[in-house]
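Working notes for the structure below.
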Amino acid sequence: MQFGIFSVGDVTTDPTTGRTPTERERIKAMVAIAQKAEEAGLDVFAMGEHHNPPFVPSSPTTMLGWIAARTERIILSTSTTLITTNDPVKIAEDYAMLQHLADGRVDLMMGRGNTGPVYPWFGKDIRDGIDLAIENYALLRRLWREDVVDWEGKHRTPLQGFTSTPRPLDGVPPFVWHGSIRSPEIAEQAAYYGDGFFHNNIFWPADHTKRMVELYRERYAHYGHGTPEQAIVGLGGQVFMRHSSQDAVREFRPYFDNAPVYGHGPSLEDFTAQTPLTVGTPEQVIEKTLGFREYAGDYQRQLFLVDHAGLPLKTVLEQIDMLGEEVVPVLRKEFAAGRPENVPDAPTHQSLLAAASKEVLA
């Protein structure tokens, strides 16, 4: 099972000091967080894509390429890549290039994003969101798998005899997760192609996440990719830790209360009771995260959000150290215990290459 960090890249004022980091500071902090995640023994660093304040990650491949040059092992991913407003031709080329630079340590998560105005900024209509996600991804798959593509659709100009360059590393495209919080159409899309399904798992109660994951698993089996238990599932999570739960709550409360996403809404206590947010000790994080398996089944990837709401970099790096030293080793052991043999690991470039080689030999 893979464990890692995902960052939305928000630039938020620290409510305890009143200081707002510069964009440069936030960008550099995300790089430091990725490097710390590898140092701490985590498996994945993923970053979002946004084109509006207060977020800075408008060019994920630029940042991930920079991080690739400064790391050796960690998988570099997105959370998410906007399949709706990006040109699938550019996605195909950018992430194949990143694949080569990172020696295959790349996968990506497709999503529609959560900012409505982004659609007209890129010449699209939000009412076409689902159609764009379906059509653009169908084209992207062809661009990665066919050397020469003739294509005509509804939402972009036709392609005639087009070859996307560079070609995917070793002829194996990056593995794709489809991220969605609430859209069954996206779970269906992931199942149709036999791709991974990632549920953000931050804002919603367990019964909602359970329904989305079960839908994906059932449809994955329907399309003949394997049993429901063999479907590839990823979950998000949100944590803040100290060795005393009282210290954790006291320190995190001002960040929670003023966070752009949920600040001035439900109380911290209500939110932790109703969602996967854990504010407490490493032991409490372990207990709650292990509970995800009760409604999501055995899954392949767990990503934690630790760097938002104005938390200073020093604090974030401390959180990653605690994950690497005290939380993830226990989670690896406990999630492995009793895991059925037919449940696959998360795909990597090496495993996908091996599977492709077997198909050729067959």
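Counting begins at 1 with the first residue of the sequence.
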Please round to the nearest 0.5 Å and tell me the distance separating atom NE2 of His349 and atom CD of Gln99.
6.0 Å
I'd like to know if the side chain of His50 and the backbone of Phe55 have a donor-acceptor N/O pair within less than 3.5 Å.
no
Minimum heavy-atom separation for Asn258 and Pro15, please, with both atom names.
ND2-CB, 3.7 Å
If only side-chain N and O atoms count, and only distance matters, is there a donor-acceptor pair under 3.5 Å linking Tyr95 with Thr78?
no
Got a second to check how far His51's NE2 is from Ser59's OG, nearest 0.5 Å?
8.5 Å
Step-by-step side-chain contact (heavy atoms from CB on, under 4.5 Å) determination, Leu64 to Val106:
CA-CA 9 Å; Leu64 293 177; Val106 174; over 6 Å; no
OH of Tyr255 to OG1 of Thr315, rounded to nearest 0.5 Å, is 6.0 Å
How long is the gap from CZ on Arg105 to CG on Leu169, to the nearest 0.5 Å?
12.0 Å
Would one find more than 12 heavy atoms of other residues, nucleotides or ligands at under 6.0 Å from atom NZ of Lys210?
no
Quick one, Ile91 with Asn136, criterion side-chain contact (heavy atoms from CB on, under 4.5 Å). Give me CA distance, side-chain angles, the key distance, then yes/no.
CA-CA 10 Å; Ile91 294 176; Asn136 284 354; over 6 Å; no
Tell me, do Val213 and Tyr295 make a side-chain contact under 4.5 Å, heavy atoms counted?
no
Is a donor on one side and an acceptor on the other found under 3.5 Å between the side chain of Gln238 and the backbone of Val306?
no
Between Asp307 and Lys36, does the salt bridge (charged side-chain N to carboxylate O under 4.0 Å, His left out) criterion hold? Intermediate values first, please.
CA-CA 12 Å; Asp307 74 327; Lys36 172 61 78 170; over 6 Å; no
So, taking the atom named CG in Asn86 and the one named CG in Leu132, what distance separates them when rounded to the nearest 0.5 Å?
11.0 Å
Are any side-chain N or O atoms of Asp10 and backbone N or O atoms of Ala309, one a donor and one an acceptor, separated by less than 3.5 Å?
yes
Salt bridge (charged side-chain N to carboxylate O under 4.0 Å, His left out) between Arg112 and Asp128, worked out
CA-CA 11 Å; Arg112 291 180 294 138; Asp128 297 327; over 6 Å; no
If only atom types and distance count, is the side chain of Lys124 paired as donor or acceptor with the main-chain N or O of His155 below 3.5 Å?
yes
If we ignore hydrogens and angles and just use 3.5 Å, is the side chain of Asp43 paired with the main-chain N or O of Phe3 as donor and acceptor?
yes
Heavy-atom donor-acceptor pair, Gln300 side chain to Val233 backbone, under 3.5 Å
yes
Got Met241 and Leu323 here, is their nearest side-chain heavy-atom distance under 4.5 Å?
yes
Between Met109 and Ser77, which heavy-atom pair has the shortest distance, and what is it?
N-OG, 4.3 Å
Validation row: His208, Arg211 side chains within 4.5 angstrom (heavy atoms)
yes
What one should report as the nearest heavy-atom pair of Thr165 and Glu93 is O-CG, 3.2 Å
Dump the intermediate steps for salt bridge (charged side-chain N to carboxylate O under 4.0 Å, His left out) on Glu334 and Arg293, then the final yes or no.
CA-CA 11 Å; Glu334 294 297 327; Arg293 186 166 51 179; 5.7 Å; no
Quick check: closest heavy atoms across Val239 and Leu277, and the distance to 0.1 Å?
N-CD1, 4.4 Å
Please determine which of Tyr220, Tyr137, Trp177 meets the side chain to side chain donor-acceptor pair (under 3.5 Å) test together with Asp195.
Tyr137
Without swapping roles, check the side chain of Glu229 against the backbone of Asp298 for a donor-acceptor pair under 3.5 Å.
no
Steps toward side-chain contact (heavy atoms from CB on, under 4.5 Å) verdict (Tyr193, Val176):
CA-CA 10 Å; Tyr193 290 110; Val176 169; over 6 Å; no
Who passes side chain to side chain contact (heavy atoms under 4.5 Å, CB included) against Glu269, sequence neighbours left out?
Val249, Arg253, Ser267
Would you check if the side chain of Glu135 reaches a backbone N or O of Gly153 as a donor-acceptor pair within less than 3.5 Å?
no
For the residue pair Tyr299 and Phe292, does the interplanar ring angle fall in the parallel (under 30°), tilted (30 to 60°) or perpendicular (over 60°) class?
tilted
Contact check, side chains of Thr348 and Gln2, non-hydrogen atoms, under 4.5 Å:
yes
SB check Arg242 Glu251 (cutoff 4.0 Å):
yes
Would Val89 and Arg156 count as a side-chain contact (heavy atoms from CB on, under 4.5 Å) if you check the C-alpha gap in whole Å, the side-chain angles of each, and the deciding distance to 0.1 Å?
CA-CA 10 Å; Val89 171; Arg156 81 172 312 280; 3.9 Å; yes
With side chains defined as the heavy atoms from C-beta onward, is the minimum distance between Met110 and Thr84 less than 4.5 Å?
no
Inter-residue atom distance Phe6.CZ - His308.NE2, 0.5 Å rounding
9.0 Å
Looking at Pro347, is its backbone amide N or carbonyl O close enough to the side chain of Ser351 to form a donor-acceptor pair, meaning the two atoms are under 3.5 Å apart?
no
Residue Tyr192 excluded, over 12 heavy atoms near OH under 6.0 Å:
no
How about Met97: does its CE atom have over 12 heavy atoms from other parts shown lying under 6.0 Å from it?
no
Give a yes or no on whether the backbone of Val148 and the side-chain of Arg142 come within a donor-acceptor separation of less than 3.5 Å.
no
Within a radius of less than 6.0 Å around CD of Glu287, do more than 12 heavy atoms belonging to other residues, nucleotides or ligands occur?
no
Within a radius of less than 6.0 Å around CH2 of Trp66, do more than 12 heavy atoms belonging to other residues, nucleotides or ligands occur?
no
Kindly give the heavy-atom pair with the smallest separation between Met47 and Met30, and that separation in Å.
CB-CE, 4.0 Å
Show the numbers, then the answer: is there a salt bridge (charged side-chain N to carboxylate O under 4.0 Å, His left out) between Arg26 and Glu23?
CA-CA 5 Å; Arg26 188 66 172 101; Glu23 290 181 323; over 6 Å; no
How close do Glu152 and Pro158 get, heavy atom to heavy atom, and via which atoms?
CG-CG, 4.0 Å
Pick from Phe197, Phe198, Tyr216: which one makes a side chain to side chain contact (heavy atoms under 4.5 Å, CB included) with Ser180?
Phe197
Quick one: are Leu82 and Phe122 in side-chain contact, heavy atoms under 4.5 Å?
no
Neighbour count >12 (heavy atoms, 6.0 Å) for atom CZ, Arg24
no
